[in-house]
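Everything below concerns the one structure shown next.
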Amino acid sequence: MDNFFFFFFFALICPNSPSVPFKIIKVLYEFHISLVLVYFTGFAVNVVTIAMILVLGIKQKISGRGTQRSDAQMSLLEKFVLYFVPAIGACCSVLEIMFLLKKEHDGHFVGYHRWLHSCSELLVWANIILFTKCASIHCIVFNRVLCFWWILNPILGIFHLITNFPSLEVSACIMESLVVLMNLSFGVVINVIRLKRLSSKSSLLEDPLLSNGGDLEEGGNHDLENNCNFWDFMTFKFISPVMNQGVLKQLDSDDLLPLLPDMGPSFCHDIILNSWRAQVSNNSLNPSLFSALCNAYGWPYLCLGLLKVINDGIGFAGPLLLNKLIKFLQQGSASWDGYLLALSLGLTSIIKSFLDTQYTFRLSKLKLKLRSSIMTLIYEKCLYVNLAERSKFTNGEIQTFMSVDADRTVNLCNSFHDMWSLPLQIGVALYLLYTQVKFAFVSGLAIAILLIPVNKWISTLIARATEQMMKEKDERIRRTGELLTYIRTLKMYGWELLFSSWLMATRSLEVKHLATRKYLDAWCVFFWATTPSLFSLSTFGLFALMGHQLDAATVFTCIALFNTLISPLNSFPWVINGLIDAIISSRRLSRFLSCPEHRREVGENSSCSSSFLSKQPDSLQDLAVFIQDACCSWSSGDEEAKNLVLNHVTLSLSKGSFVAVIGEVGSGKSSLIYSILGEMRLDHGSIYSHGSVAYVPQVPWVISGTVRDNILFGKSYNPERYADTINACALDVDISSMVGGDMAYIGEKGVNLSGGQRARLALARVLYHDSDVIMLDDILSAVDVQVAQWILHNAILGPLLKGKTRLLCTHNIQAISSADMTIVLDKGCVKWMGISSDFPTSLYTEFSPLNEMDSTPHNHQQSCSINSSISEEQSLPDRIVMDTLEGEEDVIEVELRKEGKVELGVYKNYAAFTGWFIAVIICLSALLMQASRNANDLWLSYWVDTTTEDGQTSYSMSFYLAILCLFCIMNSIFTLVRAFSFAFGGLQAATKVHNRLLSKLINAPVQFFDQTPGGRILNRLSSDLYTIDDSLPFILNILLANFVGLLGIAIILSYVQVFFLVLLLPFWYIYSRLQFFYRSTSRELRRLDSVSRSPIYTSFTETLDGSSTIRAFKSEDFFFSKFTDHITLYQKTSYTEIVASLWLSLRLQLLAAFIISFIALMAVAGSHGSLPINFGTPGLVGLALSYAAPIVSLLGSFLTSFTETEKEMVSIERALQYMDIPQEEQAGCQYLNPDWPNQGVIEFQHVTLKYMPSLPAALCNISFKIEGGTQVGIIGRTGAGKSSVLTALFRLTPICAGSITVDGMDIQNIPVRELRTHLAIVPQSPFLFEGSLRDNLDPFKTNDDSKIWDALEKCHVKEEVEAAGGLNVLVKEGGMSFSVGQRQLLCLARALLKSSKVLCLDECTASVDIQTASLLQSTISSECKGMTVITIAHRISTVINLDNILILDHGNLAEQGHPQILLKDGTSIFSSFVKASSM
């Protein structure tokens, strides 16, 4: 025994030793020990299987519990598995026994272990056939224990096959492989059928959890199989109708594949909800979404793992068969084994194609179910979590849960299986490499492993650079959005170049981090691309230096094995990262989903304490709302209560009463309503509300949809009540002017409605729902005087709300006087409460707005006419107010969308952006890189072909290694040049595109921004630019690499096998037809995918904004149903897209399998001398076959990258569209003095202005003169042309006729930016940008602090600024740090600092109280003496004391004169306005 071990270790150290004892020991070890043990193991397994079948069959026969299931009741798959597969398995076993008999007959020794194994295998299949023929007990095949055994058995068979594969003959290899394959197939399919049977049984019991557990792995294919046969299902032929439609026309949602029953969002939601609730009940302190997902989808996911094992195992059959085939060609045998091997190589590829696509199909379906489950779970949680609990998370975080964390958690499906699959693949590949080159493979492996931490380190740096880049990108997009939103105001100020420079500075920082990332990416590409060359150099160099002889079989088997090894090695760190990300995301989602929900039933207390529950119900019988000693805060349940918003509030509201709640800003009016709705945290006391609730928030919430959808809000349509509601809310005139009436579409957040219309629409929703308790938060401030009076009398106090409890937060005096009870709040406490008649008159002015209503009621006709003519609210920022919404529809241009292929000119433009020299360098380096790689492999084949059997070579080994090293160095250099030139070119293009696009947009006229929605422009500068920055260079790089790779393969295959040229033309034709067929449909599916994805996130964002309204109306189910409809469409699109891609993938893989078989068969035929032309030496044939193997992935990758490139090129196409927009005329022949204008005389002479040629004139031949130093007011109805006067003066829109002069100088001759910087304006929508307050007031830094403080004091806002933190205080985005009134005052201070002789005011006192407004008017009168002040007013009180007024009507000057003189004239238009405004 000691000698045995000595010789054994001697064999490992000196494998080529001629020692006789070594040979004896080697034979004994390899054949006697290994083979006998393995065969005996197989025999034992078979015996156990037979025993289990017999025991279970006899037991079931005795118990008589067999279920009758006729052939008609069995599906095609069940019949195939029960009858056909065992028959084939038995035939294979019989063939194996016949081979053994033949071998023994020829005089070869056959061990008894082989006979035992083969005969027992035959007995297993015979038992299965016997029992499946017996109707009463055939179901024992599906027994749970046996089903597990059917999987374990072939896994042991795989071990047996791998162990003995190198030592077996060709025929024995094929036969053993077939037997193992049959065992595997039988085991997997039996388990699948068992799951399907469990599913159908559970569906009869109506148990969703069992249904899920049984059917998920199969994916509910039962319905699908009814419509298509098994072959169509395996080949994805059922997608053909969709693809036929995609070639002929644009696809729509009706053309998509129907969703399988178990893939429906409602079905998936029920499954995950049950699992999550079970998890919460079992682990209430720390519930885990990951555990819930495992409970819901764990078993079917594990079953998919079995399919992956088989798929990965068959992947290694290719290199092993390749090894045997090359050895066969080297031996030059004339037997038929070569043809058998060649066909087996192709058959293996075909089997792997089917397994690969089926695994991907089932995994993708499971991921879709998982995605649907998580998204619906997040959405439902948002519907039921109140605002206080939700305060732990920002809206951005919650949106990230839906958009990012959901996807990361779904990617767990890939990462989890890869965690065990990749090490398995790596282990098997290393073992097989060891069998080929012994320990020489360690050198190549060492290089690959050393590169893993390098790549990991680079990826960490990339992640850091990406994080910094995204921060700068966010800041740039924020600034871009700010610029686009307020572009009209910025052009009036002349600040667009200033903002542009700030934007460019941010962009330069972003590009700096982008460059870091791109160059690090280039290093990653370099390491990835050079690894194969370095591996071959180090491995074969060391193998040769160790004294071994290189042959073709060894070299190309190793290359094939390393190609399978390199991807798992490089992917493993990313898989770990993906797994970590998924676990982190699932924890984040668990934290959100654990928030307590607010599911309040009607008539229950929204939040209660024990003291409240002790009260008798009789005492609350007549109360609609009862609050007792309530202390409320906005803290969440797991936080300490800080800053009580409501402090010990006690009040009771009787049923049917009308209650007015008043108080200063921040007194807690809105919080009182929120507390009754249950949106706040109740820290002390109790709150009770009785009956159904309806609510209008201070910022009215409007959903995307029709006017009718917004009013009905999920309720059934009642024409009579609907008409009364429209009338009561004074919406009839507005609706009649809309295109489509009440079916007119309202955009996101009501963008195409004015503020007043949004408020009345939200009020109409409340009226229509006929709820018991109505809560209105400052509804009257959004509408004008007449409409407010109409709403008060006809809606709030009207018949529709008669007998309802109404709670109104307001400052409106008439509403307060009409209320049954008034509550005055001050800093969260009830300051005063009582009936309105007792309300102190002295407090009226404190809470009233500037304009009050008189007590004289106006009739409906008058109110509506005024409603349709007088502006109800400030128009949307920087948008033209059109006469009707129909006009607005005409103004907004439809976005152009090109169809078909991207034009060649777009590619040329991108090449020009990168630089033509760089483009040529990239192409040349890519070609030379591939050429050096091919030369490296050709040199290896030449080396093995020139090596004789006794190890003699034509040249010295150092020469071969030197040339190999030279090619490796050349490949590395060209790879490096390609990678870095690509990175540099991509950065050049990104910089040039952004700079040119921004320059064109900055110089575009205002009309362009009026006709183009800001989101559309922002899309170019955000998502499209991100594509140009990042995705486009990346995918172009892949496309170029795939192209040159395919070119190299085609050249090598054509050189090695001349007959491949015959195949090339039909192959290219088939491939081009496939890619055309696929791309036509793929483009349409991608369009549908983006279209179906948008409503999900739009709906989700809307729900986040309006969740309190949804909960108040108890419309959670309605909105959840809408959301599931969006998810259903998204699921259908994704499912169809997945099937279409797998349809293509399968056909490409089958095409590649045909090529591999063709090359292999031609090589065998050539070795037999059957071909007239043959250049195929064993080395070249090995090279050709190793090149043909990856052609599958290359073809698929080329098509995918080409399709993706076309898709990404659309971003360049879209950017080019905006590089061709009209530009403002910047030049002028007259240049201005710094003190111009010094008099301020403005004269309009026959001015006509049109916004568009198709629209009526906004100013019609208007003429007037404003003397220097006078204060002039301009008034008129909506559409009268008031704002158009300022538009013409600031040259925002070119005038069609006439002239405008300032101090006698025609403004048409002045450079437009010069003109605007010499005029001052306070816009209607106050504009403050994010930055310091000093920068906001004086961005060019022309004034010192004392002047700024002086201006703030004059505008009565100095105290507020000091309290906020002084001039260095950071102003939030949109000026949210200050109230609207304070923002208007700051804009006035900015205008005063400009010291211009001409000041234009556009209703700058609209949002301030009476005292501040009167102080401002006196400030303007005193501080602006000697200045020309033009005031556009919507309120008569603003212009009553000015020097002169202009009254416009439909673009004409209707009246002009001193306001006091016109007021005395009872027939004047101004006099009628004064009467209508009820001052």
Side-chain angles (χ1 to χ4, degrees), residues 208-209 212 259 262-281 284 287-293 295-297 368-395 397-407 409-410 585-601 636-637 677-679 701 703 713-714 1093 1095-1131:
L209 276 176
N212 168 54
L259 271 186
D262 65 334
M263 289 180 70
S266 299
F267 185 89
C268 296
H269 174 72
D270 291 342
I271 289 164
I272 193 65
L273 186 62
N274 288 331
S275 296
W276 174 250
R277 284 175 176 169
Q279 179 65 210
V280 171
S281 63
S284 57
S288 168
L289 177 64
F290 179 73
S291 299
L293 292 173
N295 184 38
Y297 298 106
L368 287 179
K369 295 171 190 175
L370 205 60
R371 184 180 72 182
S372 175
S373 300
I374 294 170
M375 291 176 92
T376 50
L377 201 60
I378 294 169
Y379 185 81
E380 189 189 46
K381 180 59 70 172
C382 289
L383 287 175
Y384 289 105
V385 173
N386 67 18
L387 296 180
E389 287 297 334
R390 216 177 77 190
S391 64
K392 291 186 287 188
F393 310 93
T394 64
N395 275 11
E397 268 185 290
I398 297 172
Q399 285 169 338
T400 304
F401 292 153
M402 182 68 85
S403 58
V404 177
D405 289 302
D407 285 340
T409 307
V410 168
S585 290
S586 69
R587 285 176 184 167
R588 280 162 51 86
L589 289 175
S590 300
R591 182 168 160 257
F592 175 65
L593 295 171
S594 302
C595 290
E597 292 184 2
H598 176 68
R599 295 177 185 257
R600 183 170 59 88
E601 298 299 326
S636 60
L677 292 173
E679 296 296 331
W701 183 62
I703 59 174
F713 213 58
R1093 194 187 308 120
I1096 292 173
Y1097 297 108
T1098 302
S1099 173
F1100 185 60
T1101 306
E1102 271 186 350
T1103 303
L1104 285 178
D1105 292 339
S1107 59
S1108 56
T1109 305
I1110 294 170
R1111 283 189 289 275
F1113 280 89
K1114 301 208 181 306
S1115 297
E1116 294 96 336
D1117 291 341
F1118 170 69
F1119 276 86
F1120 184 77
S1121 175
K1122 278 181 62 177
F1123 185 75
T1124 53
D1125 289 343
H1126 295 318
I1127 293 283
T1128 300
L1129 180 59
Y1130 188 30
Q1131 291 280 87

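Numbers here simply count residues along the sequence, with the first being 1. These numbers come from the heavy atoms of this one structure, side chains and all, not from hydrogens, waters or symmetry mates.
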Work out which heavy atom in [X] is nearest to a heavy atom in [Y]; give both atom names and the distance.
X: Ile1110; Y: Thr1103; value: CD1-CG2, 3.9 Å
X: Ser590; Y: Ser586; value: OG-O, 2.7 Å
X: Leu370; Y: Thr409; value: CD2-O, 4.3 Å

Below 4.5 Å, heavy atoms only, C-beta onward: do [X] and [Y] meet side chain to side chain?
X: Cys382; Y: Leu1104; result: yes
X: Leu377; Y: Leu289; result: yes
X: Ile703; Y: Phe1119; result: yes
X: Lys392; Y: Cys595; result: yes
X: Thr376; Y: Phe1120; result: yes
X: His269; Y: Thr1124; result: no
X: Gln279; Y: Asn295; result: no

Using 30° and 60° as the class limits, which term best fits the ring planes of Phe393 and Phe592: parallel, tilted or perpendicular?
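Rings of Phe393 and Phe592: perpendicular, over 60°.
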Could you tell me how the ring of Phe713 sits relative to the ring of Trp701: parallel (under 30°), tilted (30 to 60°) or perpendicular (over 60°)?
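Geometry flag for Trp701 against Phe713: perpendicular rings.
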Is the side chain of Gln1131 donor-acceptor paired with the backbone N or O of Leu368 at a distance under 3.5 Å, no angle test?
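A pair under 3.5 Å: yes.
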Strictly distance-based, threshold 3.5 Å: is any side-chain N or O of Ser288 a donor or acceptor partner for the main-chain N or O of Ser291?
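Confirmed, Ser288 side chain pairs with Ser291 backbone.
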Should Glu1116 and Arg1111 count as an ion pair when the cut-off is N to O under 4.0 Å?
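Looking at Arg1111 together with Glu1116, the answer is no, because their closest N to O distance does not fall below 4.0 Å.
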Once side chain to side chain contact (heavy atoms under 4.5 Å, CB included) is applied, do any residues pair with Ser373, and if so which ones, sequence neighbours excluded?
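Result, side chain to side chain contact (heavy atoms under 4.5 Å, CB included) vs Ser373: Cys268, Ile272, Tyr297.
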To the nearest 0.5 Å, what is the distance between [atom1] ([X]) and [atom2] ([Y])?
X: Leu677; Y: Leu387; atom1: CG; atom2: CG; value: 9.0 Å
X: Leu259; Y: Ile1127; atom1: CG; atom2: CD1; value: 11.0 Å
X: Leu273; Y: Lys381; atom1: CG; atom2: NZ; value: 9.5 Å
X: Phe267; Y: Lys369; atom1: CZ; atom2: NZ; value: 8.0 Å
X: Tyr379; Y: Tyr384; atom1: OH; atom2: OH; value: 10.5 Å
X: Ser1107; Y: Arg390; atom1: OG; atom2: CZ; value: 4.0 Å

Just to verify, what does Ser372 make a side chain to side chain donor-acceptor pair (under 3.5 Å) with, not counting sequence neighbours?
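Applying side chain to side chain donor-acceptor pair (under 3.5 Å) to Ser372 gives none.
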Mind running side-chain contact (heavy atoms from CB on, under 4.5 Å) on Phe1100 and Ile378 for me, showing each step along the way?
CA-CA 10 Å; Phe1100 185 60; Ile378 294 169; 4.0 Å; yes
